[in-house]
Each structure stands twice: as C-alpha cells, then as structure tokens.
Amino acid sequence: MENLAGWASEASAHAASVDRLMLAFTLMMVALSVPVFVLMAVFAVKYRRGRTANRAHPVNRNVWLEVSWAIVPFLLTVVFFVWATKLFADLYDPPADAIAIDVVAKQWMWKFQHPGGQREINELHVPAGEPVKLTMASEDVIHSLYIPALRLKQDVVPGRYTSMWFTADRPGTYKLTCAEFCGVDHSVMGGSFIVMTPAAYERWLGQSQVDDTLAAAGAVLFRERGCSGCHGPGATVHAPPLTGLYGRPVPLEGGGVVTADDQYIRDSILLPQSQIAAGYPHIMPTFQNVLSEEEVLQLVAYIKSLRSGSPEGMRQ
Amino acid sequence: MSERIELHEPFSDAAQQHEAGMLGMYVFLGTEMMLFGGVFAVIFVTRALHPAEFVAASQKLHVFIGALNTGVLLTSSFAVALAVAFARAARARLAAGLLVAAAGLGLVFLGLKAFEYTLEIHEGLLPLFSRPANFSGPVEHLFMNLYLVATSLHAIHMTIGVVLLTGLAWRIARGGVPLPGRVALVENSGLYWHFVDVIWVFLYPALYLAR
Amino acid sequence: MTMDNALERRPNPDDLNDRGLSETQDERVSYLRAGHTLRSWLLTTDHKRIAILYLISVTLFFFIGGAAAALVRADLLTPQADLLTNEGYNRAFTLHGVIMVWFFLIPSIPNTFGNFLIPLMIGARDLAFPRLNLLSWYIYMLGGLFTVFVLIAGGVDTGWTFYTPLSSMFSNGHVVMVAVAVFVVGFSSILTGLNFIVTVHKLRAPGMSWGRLRLFVWAHYATSLILVLATPVLSVTLALVAAERLFGLGIFDPKLGGDPLLFQHLFWFYSHPAVYIMVLPALGVVSELVAASARKPVFGYRFIAGSSIAIAIIGFLVWGHHMFVAGQSMYASAVFSFLSLAVAVPSGIKVYNWTATLYKGHIELDPPFFFAASFIGLFVVGGLTGLVLAMLAVDVHLHDTYFVVAHFHYIMVGGTVSAYFGALHFWWPKMSGRIYPRIWGRLAAIFIFLGFNLTFFPQFILGYLGMPRRYHVYDPSFQVLHVLSSAGASILGVAYLMPFTYLFWSMRYGAPAGPNPWDVRGLEWTVPSPPPKHNFEEIPVVTGPPYDYPLEREGDQGEAGDAAEGNAAEGNAGSRA
C-alpha cells in the first residue's frame, strides 16, 4: 500500500484545496442524507402495519415544507458551486513566467519537450515551487494527462492545443497516467511525474542530452520546410511578418480579430485558409501531412521567440 | 367523420382515433426534426469554426439546381395540400391524381439531385467518387462530406415519401381508402411530405447560400 | 399465511379446489391463456403479452451484459494482465456497457412494466398503437441480433461512448455493426415513447384527469418525451461515425478541420438525457412502491409529478458536464456545472417526499418495500456523489476515474436495477397471477443491497485515490480494493439469480394472487390477476384522486397484516371502479 503515496499525496497547494473542498462537501452529504436513512428506518419500525402508534392527522402535502427542502439544499450546493468554480477558474489563469513544457501524446506514450530542448518519454521532471505550463497536442486519438497528486487532468485533443498549469511544491516521484480511453494499451500509457528541487532540476537539465533548444529546432525547420521563403527576410512574396506576432491581436479578412496564441499559430500552419490575416493573399499551403505535432510545437516555439526586433523585422 | 370509419382496438370513438393518429404523427415528426437537428448543428458548428473556407466551398455548389429543386418541392407540397383538401371533400380521384403529381415532382427532385451529383463527380468535388487531392483544402473536403451526408439523408426521406404517396394514391384510386372516413391517412402522409420539404427549405440556404 | 402453507404441498392439477396448484377461474380467461401457440405470442398486439416478451428478452440481455461484467471483475482481481489480453479486456467492458445501456437499462422498466401497466393504470384497453408496439419489440430484437452478431464476431473496443477519432479512425473492432445495432434499437425506443405519449394523452379513462394520473405514469410520460426527442440525435451522430468509418466521409476528423469535441457534444446531448431515461421510470416505480408499502397517499403528489418533468427538462441542459476537462470553454463549464447542481433539487424533492410518505403510514415490510428502501439509499448516495462530480475543481480530479464508475453504477444498478426488481416483485402477482414466497423476496433484496455496496463502495475510494477507469493493468497498491469489489460482484451475481428461481417456482406452485394481493389502491388492482385480454370489462370511470387510502385510521384497528392476502382484497376490488 505504500505506493499509494504516488497517487494520493498532495503535491501542490491546489491539491490540498481540492481535498479540503471534498472533505467539506462530504460533511454536507452526510448532513443531507443521514436524516433520510434514519427516518426511513425509524418509520419502518414505528409505523409498521398492525403496530400501535399515533397516526392521528397525517398530512399528504405541505407546500412550505416541500419548498424548504428544495431550497435549503440548493442554497448549500450554490455555496459549493462558487467555491469549486473559483478553484477551477484559477486553472485557466497561468502566470506569465511559467516554464513552458510541450506535451505530445500518441498511442501509447507521452512525450515531453522542455524549453531548453530536453526531451523525455513517459517521465516528466519539473522544479518544485515554480509554475509550469504544459501545452499539449495529440498525434492520433484523444488522450488525457492525469496527475493524481496534483488533482489535475486535461484531455489532449487532436486538432487543437489544450493546456494545463500547476506549481508543484513537494519534491518526490508521483504517478502520471492517461485517463481518457485511447485504445488497446490505454491502461499502460503512463509513467512518472518527478518533482525536484530547483537545484536538482537544473542539474537534471544539464545532464540531459540536448541537440537544440525548442526555438532553435524550430528555426531549423523554418528554413528546411521553406517557411522562410515567404516569411523570411528578403522574401518577395507578400506574407505576414512573424516577428513580435505572438500575443498580438491579428485583424482577419472579413472582419474580426484574433489573438495570435499557440492555437492560432498552429491553425495557421495546418489549416491556413481558416483565419486569413487581413490584406494578405490566400497562398499559404497546408502543412497538415508534412509536419508532426512535435515539429509544429517547435515552430510555434520559434515564432514565440521572435519577440524582439523591429515590428517589420523579418521583412525588408 | 363518416359512418364508414372502422375503429381499431383501444379506441372508443372515431374522433379519439383520429386525434391519436394525428398526435402520433406530430410526435414522429418531432423526432425527425431532432434527427435533422443533429445534422444542422454539425453544419452550423463547422461554419463557425471555418467561416471563410465554408463560404468558399459553398460557392462551388450548383446554386441554380438547388433553387430549381426548392421550387419543385414547394410545388409538390402545394399539390399535396390540395390533395388533402379534396380528400376531405371525398373527391377520391382528384386526390389520388394530385398525390401522384406530387410524387412525380418528388422524382423530378431526385433526378435533379442525381444530375447535380454527376456534375460534382465530374468536377472532382464529390467525396467517395473523387480523390481527396482534388479538394482545394481540408475544409472543402469536410464541407463536401457534410453536403453529401446531409443531402443523401434528405434524399432517403424523399424516396420514402415518394413510395408513401404513390402507394396511398394507388390505394385511394382502387377504393381501398374510404374517404373522407380515413382522411387521417392522407393528412398524415401529407404532413410527412411537407416536413421533408421544410427540411430542404432549411438545408438549401444552410449549404448552398452560405455567404 | 396461506401462501407459505402452499409451499409444503404437492401439485394436484386435477383438483380445482386445490388453490395454488391448478388453473384458477381468472387464469382461464386471462391474457396468458388467450392463445397457447408460439404464433399467438409472436404476433400478439396485446400490450401485456408484449410486455412479457420484453421481460424475457430484456432479462436475457441483462444476464449477457452481466456475464461481460463478471469477466471484467474476474480480470481485475489481479493487477496484471492474466485472464484477458489488453484488447480482450477493452472488448469485454465495451460489450458490458453497450448491452447494459441500450439493451437493458433503457428498455428495462418502460418496455416491460410501462407496457404492462400504463394502459391498466389509466383505464385503457391497450396502448394507442398496438401494432407499432409489437413492431417496436421486433426492432429491439433485430438490434439485439446485431449485437449478438458483434459479440460472436469478436466485439468492439471503443467503450460504449464511441469517442472519435478513436472509433472512427483507429479502432479495429466492429464499430459499424454496433453503431447499426444501437441505431436500430433507437427506433424501438422512439416507437415506444411515441406510443406512450399518445396513449397518455388520448386514452385516459373518463374522469382520469392529469392530476389523477399515477406517479408511475407521470414518470413514464416524462421519460417518453426524452425518448422521442433525444434518441434521434444519437441516431444521426452514430450514422455520422459510421459514414466516417465506412466511406471515409470525415465529419469529426481533425485532419480535415472537423472537431472531435463536436461528437462529444452531440453524443452527450443524447446520452445525458438517456441517463434520465434510465432513472425516471425507476423513480416512478419507487413512488408507487413507497405509497403502496405505506398504504397512504403519496406526500406531495404535485411536487413529485412536477419534479419528473423538471428532471426531463433540465436533463437536456446538462450534457456539458461530461466535458469539463475535454477542452470546452471555462464559461460553458461553469454554466453546465450550475445546471447540473440544479438537478439535485427535483431529485431531492422526491427523496424527501418519499420519506415523508412513510410518516404515519401502515408500512408492510414486504419485498417491494425492501427494494424501494434499498433504491432510496443507493439513489441518495449515487445522486450526492453526482453533485461531487458536478463541482468543477473536484471533477478535474475525478473525471474518468473509478469515482465516476461508482457514481453511475449507484444510479444505474443500485437505482434502476433495484427498481426493476422491485417492480418485478410488486407486480409479479398481477402479471403471473401467483404469489411467491415473501421471505425469499426479502432475502434477495437484502443480498442485492449488500453485494452491491461491497462491489461499488470501494470504487469511490479507488477513484479518489486516482485510479483511472477502463484500466486493465493497474498499480498493485489498488489490489485490495479491487478484490473487495470483485468479491461483492460475485455476491451480487448470485443475488440477481435468486429471484428467477422462486418466481419461476411460483408460476407452478404459488398460491393464486387474487386481484389485490397487497391490499393497495390503483386501477390495475381492480382487475383479476392475471388481467383478462381486454383489461377492463367496461372502461372504468374515475371519480377520485390516486392513492385514495383512508387518511384517518386507527393505527391498530386490528387489521392483522396477513388478512390482506388474497381474500380480503377481493372485497376492495370493485370499490374503485
């Protein structure tokens, strides 16, 4: 049973909050249900047929009583609704300085890419006390990254990025599994979630084999796949500039504005005709069957890295 | 109601039987509406996800054939409405004739639809019959998949309707359906036909007229 | 205790005075004897006979689905993959889900007891469309045949939820075949729902106003609304999956820009209301059982009837709570969470009103009461743990874990199956004309309750510890709880088989029931048991409210519990009509 620690321990402050909420709710469940059980048992004995009991003036309706047992439990649940929704909303609000780790799920393994280019499979190392944001993509079916010790999970859906963030604060080795049924080997698609002290994490990063940082790998792809032919410096084609693009609003053809986030950049690479930046021709080809999800993530990292420089830096 | 109406087992009078039949048909059409509702939901969500490509793909459809077909169907509905009116007035031959006319227009619709599919096959636009590479992009492929599924689901309903009206007209002509006693049968078949028309009236703008 | 004495005796079919052993006068003219050939059963349009056809076939599928569950539980005794392969396990739980959901739970109570009782309860001779009713059974059997074919051909491994793109592009089981089976059986549901709606609207006996309908009928009316409005959405969704798989007409294919989450929205738009299709009839049954056990008018009739309709309506607006971690927007999740918590209100009303109904009643501790009480207990646990899952931050942790498995089994198995058996025990004397030994009924109820809790309570703990569902190979630290669960499942399996032994026994050896063996009120208890082919000799005229038990009675005016059985009841029989 000692292994249960890998599942059930509270590795983050969020996990502790969820457990507190659950405990409080359990108490409410007991308060709402035990009277029913006790009264049923008491009535079944006391008012057994043929048994002497005071049955004078039974009632068969009492609107106020009924309204009250509709309203009171409801108000109680509303309190819990607010509490739970507040906790949930925090999950959508990652700090800006979070370490960005990319996740690619495929049947039946988890691949992780750290910003420095370190890659690992079925193991995720993170530093304690620092916020981490995972950007996740799937190569095939829907998976779901589940880290019970954080009380967190998020589906990984093909065709879009999903994300999740956390600050783990207790170093240790925890479980990491797939929670969404994904085919034959679903139940063995898992591994370890390893929280290390920041110093140990730095050491681990240093020891891991690295070819390139993510952004650098993306830069290589950017040249190799011909992106630079249109989007690069000196290109003659009228293509949108990418420097400083990330996080900025992009006016679209036909009205509307989107923020250039990870999802937008991904869609622009794979489904380029869907959201066309206003004022540019529809000439971008799709890279749907050319790039893997990992490569797309590297390109996204590269484009994100083009923050500095003049606004029209890439185009002359 | 005439005295010739035959009562079926659980009913105690003719009005009750008539109302039950009508209510049953309305409930059935409610389920049909939810069936197509699923298709429409998919169409609208797809459009919301890819507005520009959706419109571009829609413009490749043969909008005139679609418009012609809309006209054909509306005319056929008119014929069915007349048939119901004549059936109520016990004008059996006229009712049967109009039902046949409506079914004929239904066949015209199906013929035009088939012709449209052939054109699309030649243009390399119809999934199943053309290579995915022919599409200008993935969303056009997606749109044409949806188009094929939605229109063929509708065509299946049309085919059922044609068989239904033809069979009914034949039975009326042979005197198998005493009128106006069993006018409910004509009314219910008419309701089904109108319903299938209305579905087209919504499918046509949703698919052909996306702008 | 005439009945218990009957157990001792040997049959003497020649002696007509030998009650309990020979055919009674009522049985001679009953629907059961209206034709003895197989043809007279297979071509019947009598709602009661069709109900029996459903009872047999639905129960058969219950045991096929149960066999798959047994396989799953046996495999989970050990953390390794020993009994089944990974793929074999996936096929076993998928089959269990598909058969239990569409071939047992959805048709269980409506198509058997609803079919049998709605016309009797509203004072009609049959359902509005008797031939459609028979057609519905044949369509059900056709769908069942497809499923059995899939079973023999090797099964399917997508889970009963058919999530794309796993089902449409990656799975290598017989997905299309199963989709066809579910599609087909959907038509059976639609026809049954349509028939019930029209019947309740148009065939009520004179004086049977909406406010005088039994709560069982109200619950079935609400269920029928869901059946006709939600089922077609599932049909079209599965048709789209089949088109994608069969013809490559990708609709949800992310590579074409399709949205796999759209499939989930459409699927749960049906499948969440489908949960209420499964549980609303059970709630109707329990309302009847509680009122009958207490021999008292139901407390708050209007609130219970209204809450059925409220559940049916809100049930259509909560599907998104299956997708809190699927990537839908935070605001959508918040709205769905709130609406899901709101379902607690009508459900809570029912539970509290049932409890209040028992207050100052004349409670007979008969098998129906045992089943009703165990239903209420399990439904309360299932319902409240449902609220746990409706809370967003907690669901992020518990979604797709064993907590969810435990929760919906408390509702579906603890709730619906208990109600199914409760209904079987309550109306068996009406359907068969014979009484079964009550002590065995009580024992079966107790064993089912204990076995059920032992099976599924450990799964709440497993879930909170983080064990994901649909896991074949699991962490050895979970083994203790899994062994407990499997042990409970074997008790449960035996307990489910028990009723079929003594119920069959009663058909030959049980004492004749008489029209009203439980001494309760309701139109179905005014006709002989088993009812004659046309239910009522004359359509009854209803003059009073349902559950018109005398309100003021002396608690102990000397009505010994057993006097009710058989003879005393016949006196009451005519009083209603």
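Below, read A as the first sequence line, B as the second, and so on, with proteins coming before strands; counting in each chain starts at 1.
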(request) Answer yes or no for A/Arg55 and A/Tyr47: cation-pi contact, defined as NZ/CZ to six-membered ring centre under 6.0 Å and angle to ring axis within 45°. (result) no
Looking only at side chains, do [X] and [Y] share a donor and an acceptor under 3.5 Å apart?
X        : Y        : value
C/Asn353 : A/Glu66  : yes
C/Asp475 : C/Ser477 : yes
A/Asp155 : A/Ser144 : yes

(request) State whether the side chain of A/Glu295 and the backbone N or O of A/Ser292 hold a donor-acceptor pair below 3.5 Å, judged by distance alone. (result) yes
Below 4.5 Å, heavy-atom pairs only: which of [options] has the largest tally toward chain C?
options                              : answer
A/Thr26, A/Ile142, A/Val78           : A/Ile142
A/Ile71, A/Asp185, A/Leu65, A/Ile147 : A/Asp185
A/Tyr161, A/Tyr92, A/Phe37, A/Phe80  : A/Tyr92
A/Pro73, A/Ala44, A/Pro35, A/Gly159  : A/Ala44
A/Ser17, A/Ala70, A/Ala8             : A/Ala70
A/Asp19, A/Leu39, A/Val45            : A/Asp19

Chain A heavy atoms under 4.5 Å from [X]: which part of the residue, side chain, backbone, both or neither?
X        : answer
C/Tyr163 : side chain
C/Val388 : both
C/Pro165 : both
C/Tyr352 : both
C/Thr85  : neither
C/Tyr331 : neither
C/Arg91  : neither

(request) Evaluate the side-chain proximity of C/His397 to A/Leu152: yes if any heavy-atom separation is below 4.5 Å, no if none is. (result) no
(request) Go through the steps to decide whether C/Tyr464 and C/Phe460 satisfy the test ring pair (Phe, Tyr, Trp, His ring centres under 6.0 Å), and finish with yes or no. (result) CA-CA 6 Å; C/Tyr464 202 82; C/Phe460 281 125; over 10 Å; no
(request) Assess the pair C/Tyr471 and C/Phe93: is the distance between their ring centroids shorter than 6.0 Å? (result) no
